[in-house]
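First comes the structure, then the notes that go with it.
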There are 2 protein chains.
Amino acid sequence: MAKPIEIPSATIQRLSLYLRQLLLSQQQGLRTVSSRHLGDAVGISDAQVRKDLAYFGPFGHPGIGYPVGDLIERIRRILGTDRNWRVVIIGAGNLGRALAAYGGFSGQGFDIVAVCDIDLAKVGTPVSPVSKLQIQHLDELSSLVQTLDIRLAILTVPASVAQIVADQAFQAGIQGILNFAPATLNYSTGHSVCSVDLALEMQQLTYRVLSNSNQPNTAIS
Amino acid sequence: MAKPIEIPSATIQRLSLYLRQLLLSQQQGLRTVSSRHLGDAVGISDAQVRKDLAYFGPFGHPGIGYPVGDLIERIRRILGTDRNWRVVIIGAGNLGRALAAYGGFSGQGFDIVAVCDIDLAKVGTPVSPVSKLQIQHLDELSSLVQTLDIRLAILTVPASVAQIVADQAFQAGIQGILNFAPATLNYSTGHSVCSVDLALEMQQLTYRVLSNSNQPNTAIS
DNA sequence: TCCTGTGAATGAATTCACAGCG
DNA sequence: CGCTGTGAATTCATTCACAGGA
């Protein structure tokens with residue numbers, strides 16, 4: 001067995017940022033980048049970049065920097081996007097259908113292979129004019145997961161039913177959920193959840209805007 | 001001047017979670033909640049909840065808990081959502097139009113009052129069947145911001161033009177941007193940016209799924 | 001007893017500073 | 001000289017543990 005080195009979760013978050021920037025650098029024809037260059041591009045100190053990348057073992061060359069291609073490959077392997085993941089979108093509302101049509105997923109290792117909803121009026125209709133997918137009923141989730149070998153779900157259902165549907169999804173064999181419902185999901189170990197709450201992000205934004213303006217929103221007088 | 005107590009940024013992020021849960025508790029008719037109750041509901045330790053809320057000054061009552069209504073009001077004031085914010089969506093693609101129709105913003109203090117795009121073929125068409133808004137040209141952003149008193153923008157444009165459009169937006173008087181483009185934005189002090197990168201969230205999810213499975217993606221052998 | 005508020009202790013993450021290699 | 005890798009120092013965040021009020 002290998003050494004039980006744990007990569008800090010904060011590092012993992014930044015790896016995605018590095019990857020995004022590295023792909024850009026690669027596209028520009030760069031074969032090597034320095035920690036300073038990479039850090040500046042994503043708004044992180046050079047020391048931090050070096051610490052993060054050092055978890056991979058000695059990868060960089062003093063005086064030269066890090067090899068772009070190798071680094072991309074290595075980060076992808078860590079994050080798990082060196083392989084392809086099939087994804088089902090659960091909830092065919094505006095957001096769900098928009099995400100189904102979103103181009104940013106394919107090419108990043110994610111294939112949206114199904115969209116389902118509980119609304120019978122939607123079942124059988126095309127997800128979007130451009131998409132080849134048809135909306136399927138939630139009852140078929142289990143068989144979809146099996147036959148299409150789906151491991152991830154994107155949850156875009158109302159908050160009031162998010163927990164129930166998440167339970168169903170895990171029951172059907174889904175291993176990880178990206179949750180857009182504004183609700184805290186409970187789940188057992190062995191399953192994973194990441195959440196994105198749009199209203200919550202907006203609140204963080206207004207806080208920062210206020211902090212920036214002359215009247216900071218202080219805590220206590 | 002008041003004491004220069006700084007609320008930690010980690011606490012600010014959790015305030016939004018607390019707020020979401022408190023609104024739920026209020027809806028259930030609860031007039032008071034304990035730190036334990038609140039913490040369990042959002043997956044955070046009770047000690048953490050107390051530390052966070054203590055920044056507001058002594059708010060809770062020993063033996064009883066925290067008053068739900070007062071706490072909601074107080075958190076809203078801190079986050080800045082005790083008032084209403086007018087928002088423009090820039091980029092009328094699938095995601096932009098979906099967010100324009102998303103119901104989760106109104107009622108949380110955010111009013112989407114305009115949508116614009118650079119594509120002339122879209123200008124003048126309705127944002128969505130249900131929406132009363134029409135897509136307007138990006139050139140009108142400046143006057144829109146002025147006449148409608150808009151302070152926030154949601155950016156849903158391709159990554160390749162995100163920086164340019166963000167600069168334009170700030171130039172037009174926007175104070176904060178919620179950025180959905182997969183790009184790191186540069187901006188001057190006095191402006192604010194929050195970013196949501198969907199592919200990045202999916203990568204975090206796959207990492208966790210792999211960590212949960214039997215073959216953890218270790219760093220170094 | 002149930003619960004808050006908070007110093008003290010612990011743990012995690014970031015920055016510093018520099019040795020050493022190409 | 002430019003740049004990496006890394007211990008040491010520092011800052012930040014979380015948890016512990018308990019005094020004291022209702």
Side-chain angles (χ1 to χ4, degrees), chain A residues 3-18 21-22 25 30-71 74-75 204 207-208 211 219-221, chain B residues 3-18 21-22 25 30-71 74-75 204 207-208 211 219-221:
Chain A
K3 272 192 283 183
I5 294 181
E6 278 273 334
I7 304 184
S9 66
T11 293
I12 296 297
Q13 294 210 314
R14 284 188 296 266
L15 287 188
S16 288
L17 285 180
Y18 299 154
Q21 176 58 35
L22 285 166
S25 298
L30 296 182
R31 304 195 67 78
T32 181
V33 291
S34 70
S35 58
R36 171 78 56 100
H37 177 86
L38 187 48
D40 285 351
V42 303
I44 285 170
S45 77
D46 56 333
Q48 184 72 81
V49 173
R50 289 198 299 278
K51 259 271 196 304
D52 285 342
L53 299 188
Y55 287 105
F56 299 9
F59 230 68
H61 299 286
I64 297 180
Y66 299 88
V68 173
D70 292 356
L71 206 44
R74 194 65 206 263
I75 294 180
Q204 299 298 307
Y207 175 79
R208 293 195 204 171
S211 301
I220 199 175
S221 311
Chain B
K3 271 192 283 182
I5 296 182
E6 279 272 334
I7 305 183
S9 65
T11 294
I12 296 295
Q13 295 211 313
R14 285 187 295 265
L15 287 189
S16 288
L17 286 179
Y18 299 153
Q21 177 58 35
L22 285 166
S25 298
L30 296 181
R31 306 194 65 80
T32 182
V33 292
S34 69
S35 58
R36 170 80 55 102
H37 177 87
L38 188 48
D40 284 352
V42 303
I44 285 171
S45 77
D46 57 332
Q48 184 72 79
V49 173
R50 289 199 297 280
K51 259 269 193 309
D52 286 341
L53 298 186
Y55 287 106
F56 299 10
F59 229 68
H61 298 286
I64 298 179
Y66 299 88
V68 173
D70 293 355
L71 206 44
R74 194 66 206 263
I75 294 180
Q204 298 298 307
Y207 176 79
R208 293 195 205 170
S211 301
I220 199 176
S221 312

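Below, each value reflects all heavy atoms present in this structure, side chains not excepted, and no hydrogens, waters or symmetry copies. Sequence lines set the chain letters: A, B, ... in the order given, protein chains first and strands last, and positions in each chain run from 1.
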* Asked: Under the 3.5 angstrom rule, does the side chain of A:S211 hit a backbone N or O of A:Y207 as a donor-acceptor pair?
  ->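 Yes, the answer is positive, given that a donor and an acceptor are paired below the 3.5 Å cut-off.
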
[X] to [Y] - nearest heavy-atom pair and separation:
X: A:Y66; Y: A:F59; result: CD2-C, 4.1 Å
X: A:Y55; Y: A:P8; result: OH-CG, 3.2 Å
X: A:I7; Y: A:I12; result: CG2-CD1, 3.7 Å
X: A:L38; Y: A:L53; result: CD2-CD1, 4.4 Å

* Structure fact -> Here the residues of residues 59-69 of chain A within 4.0 Å heavy-atom distance, strictly under, of DNA chain D are A:F59, A:G60, A:H61, A:P62, A:G63, A:I64, A:G65, A:Y66

* Asked: What residues in residues 40-50 of chain B put a non-hydrogen atom under 4.0 Å from any atom of DNA chain D?
  -> B:S45, B:Q48, B:R50

Donor-acceptor contacts under 3.5 Å from residues 41-50 of chain B side chains, at least two apart:
residue	atom	partner	partner atom	Å
B:S45	OG	B:Q48	N	3.1
B:D46	OD2	B:R50	NH1	3.4
B:Q48	NE2	B:D52	OD1	3.4
B:R50	NH1	B:S35	OG	3.1

* To do: Sequence neighbours left out, what passes side-chain contact (heavy atoms from CB on, under 4.5 Å) with B:P62? Give chain and number order.
  =>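 B:P62 satisfies side-chain contact (heavy atoms from CB on, under 4.5 Å) with no other residue.
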
* Quick one: list whatever passes side-chain contact (heavy atoms from CB on, under 4.5 Å) with A:H37, sequence neighbours left out. => A:S25, A:L30, A:V33, A:S34

* Structure fact -> From CZ of B:R36 across to P of C:dC2 the rounded distance in Å is 10 Å

* Which nucleotide of DNA chain D is the first, and which the last, in the 5' to 3' direction, to come under 4.0 Å of a heavy atom belonging to chain A? -> D:dG2 to D:dA8

